[in-house]
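The structure appears right after this line, and notes come after that.
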There are 2 protein chains.
Amino acid sequence: MIRTNQELLDYVKKNLNSDPQTYLPHQTLIGQGKRVNTVYIIKSGIAKCFLTNENGNDFVEEFFGEGEIVGEIEIINNHVSVCGVSAVTELSVYKISEENFKHFLDKDKIFNHLILKALSAKIHYKALRHAHNQSNDVEMNLLRIQKEFPGIFETIPKLDIANYLGITLRSLNRTLSELRMRNLIR
Amino acid sequence: MIRTNQELLDYVKKNLNSDPQTYLPHQTLIGQGKRVNTVYIIKSGIAKCFLTNENGNDFVEEFFGEGEIVGEIEIINNHVSVCGVSAVTELSVYKISEENFKHFLDKDKIFNHLILKALSAKIHYKALRHAHNQSNDVEMNLLRIQKEFPGIFETIPKLDIANYLGITLRSLNRTLSELRMRNLIR
DNA sequence: TTATCGTTGAGACAAATGTCCTTTACTGAT
DNA sequence: ATCAGTAAAGGACATTTGTCTCAACGATAA
């Protein structure tokens, strides 16, 4: 539910002596459709990666926590950002410029392998999550993400959760109140 | 809809002098939950990558065409396969052993970068596809994939298409007949 | 203070989707 | 030739989900 990458965070902390930068909730790190020239690695806090469609509806791809990296896809494949990325809670991030990122990727074998692993992990958890999302009903999906991150309803706004599950706020509320009635939640 | 990677295929054709192997429709390349020790790169044909859940229902992650690679995620992150992979049409694939793949990844900078790009591309199109899947209705999704791959209904079984869209066969048929009535399809 | 806006919650109804079942056609195996 | 299995198609009904609406609450700005 909240993705993390401790191995990458440790490596970045040790080998990148740059100061982290802070973002407040709702602040934007990367704008959808914008050119990306910085890689961000989350030191603490939660960010969301989301896609806004023609009707103004959001779909949340992932919630990113400690050690997760954003911006690398766009730089590697040299295209504008598919998703927007913004802070959900207060956020502390390490920034790496495009030049430095490409340089490390080329010259630092350990970093190169950490990125290969980070990308593979993203594909892996994306595959699992979307399979679950599509083959189970709202109730099961809610129970699953609540199990993965018990503090979810105190940390992440309901609308973001609904957009993560690909349902409306109404459906989320309906299912939540059913689960509450059956004492399966809260 | 059918993912391809011409750049990778070209490189593999030029630099790997191994003979491709053939699979018939329904044959399995990789079993879900199995250890993977071979990377496959599709020379021709279509494969599906899918996840079977506890109830026996499949969710199709992707349809892979020319140049797409499978097995690399599992080898890079050293875990068993999340998805099963099997042939949809007759398939011709190049195989690379785990050892060789790791060797190329480590020693061949061009290959390394092609894999970085392949992984990034997978994340990119997965993000787009799932956002579309979840924010649009069945009708729009059907029209979209039909536009991306006009021969779809003559090539891929209906149940696979339904499992790709995360809907039942009944829903697919219903929407198809509505679209036919309105002359928006076939 | 008052006004406004974002968030949460839920009622009533409409629309979309799933479940279950039946039919038809085609293919391959016996 | 017959049978079983798979794929495609759709009827009838139940269930789930979305749409539209209103209401309460708290935070923040005027």
Side-chain angles (χ1 to χ4, degrees), chain A residues 24-28 46 48 50 52-60 86-90 132-143 146 151-182 185-186, chain B residues 24-28 46 48 50 52-60 86-90 132-144 146 151-182 184-186:
Chain A
L24 295 175
H26 297 113
Q27 283 191 317
T28 299
I46 298 172
K48 66 172 172 176
F50 65 104
T52 307
N53 71 11
E54 324 78 52
N55 309 316
N57 297 121
D58 286 353
F59 176 69
V60 174
S86 68
V88 174
T89 66
E90 190 175 314
H132 286 140
N133 244 239
Q134 301 258 13
S135 9
N136 300 311
D137 56 20
V138 175
E139 186 172 309
M140 285 196 66
N141 284 326
L142 257 180
L143 290 173
Q146 207 238 191
I152 178 170
F153 299 117
E154 288 78 52
T155 315
I156 298 179
K158 295 277 195 295
L159 185 55
D160 284 336
I161 299 174
N163 288 338
Y164 177 77
L165 294 175
I167 58 176
T168 58
L169 188 54
R170 184 70 192 89
S171 291
L172 176 66
N173 278 326
R174 185 155 34 210
T175 309
L176 279 176
S177 71
E178 278 164 17
L179 288 174
R180 268 186 235 117
M181 268 197 304
R182 289 194 274 140
I185 218 170
R186 187 168 302 178
Chain B
L24 296 176
H26 298 111
Q27 283 190 318
T28 299
I46 298 173
K48 65 172 172 176
F50 65 104
T52 307
N53 70 12
E54 324 77 53
N55 310 316
N57 297 119
D58 287 353
F59 176 69
V60 173
S86 68
V88 173
T89 66
E90 190 176 316
H132 284 140
N133 245 240
Q134 300 257 15
S135 10
N136 298 311
D137 57 19
V138 175
E139 186 173 309
M140 284 195 67
N141 284 326
L142 257 179
L143 290 172
R144 177 172 50 81
Q146 207 238 191
I152 179 171
F153 300 116
E154 288 78 53
T155 314
I156 298 178
K158 294 277 194 297
L159 184 55
D160 285 335
I161 298 174
N163 288 337
Y164 177 78
L165 294 175
I167 58 176
T168 58
L169 189 53
R170 185 68 192 91
S171 291
L172 176 66
N173 278 326
R174 185 155 34 211
T175 309
L176 279 176
S177 71
E178 278 163 18
L179 288 174
R180 268 185 233 115
M181 267 197 303
R182 291 193 273 137
L184 290 174
I185 218 170
R186 186 166 304 176

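Chain letters run A, B, ... following the sequence lines, proteins first and then strands; every chain starts at 1.
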* Structure fact -> Against the side chain of R170(A), the closest entry in dT7(C), dG11(C), dT17(C) is dG11(C)

* Structure fact -> Considering only heavy side-chain atoms of V138(B), the closest of dT17(D), dA9(D), dT17(C) is dT17(C)

Starting from [atom2] on [N], measure out to [atom1] on [X] and report it in whole angstrom.
| X | N | atom1 | atom2 | value |
| --- | --- | --- | --- | --- |
| N141(B) | dT17(C) | CG | C1' | 14 Å |
| N173(A) | dG11(C) | CG | P | 11 Å |
| L169(A) | dT17(D) | CG | C1' | 13 Å |
| E178(B) | dG10(D) | CD | P | 11 Å |
| D58(B) | dA7(D) | CG | P | 11 Å |
| N136(A) | dT17(D) | CG | P | 11 Å |
| M181(A) | dG9(C) | CE | C1' | 13 Å |
| I167(A) | dT19(D) | CD1 | P | 12 Å |

* To do: Determine whether any donor atom in the side chain of R180(A) lies under 3.5 Å from an acceptor atom in the base of dG9(C), or the reverse, and answer yes or no.
  => no

* Taking atom types as they are modelled, is there a donor-acceptor pair under 3.5 Å from the base of dG11(C) to the side chain of R174(A)? -> no

* To do: Could you point out which residue of D58(A), N57(A), N163(A) forms a side-chain hydrogen bond (donor to acceptor under 3.5 Å, both in side chains) with T52(A)?
  => D58(A)

* **Nearest-nucleotide 5' precedence on DNA chain D, L159(B) against T168(A)** => L159(B)

* Taking the side chain as every heavy atom from C-beta outward, state whether T89(B) and T155(B) have any atom pair closer than 4.5 Å. => yes

* Asked: Do the non-hydrogen side-chain atoms of F153(A) and I161(A) ever get within less than 4.5 Å of each other?
  -> yes

* Give one of base, sugar-phosphate or nothing for L176(B), where a contact means two heavy atoms less than 4.0 Å apart. => nothing

* N133(A) versus Y164(A), closest heavy-atom pair with distance -> OD1-O, 3.7 Å

* Does one side chain, of R170(B) or N173(B), offer a donor that lies under 3.5 Å from an acceptor on the other? -> no

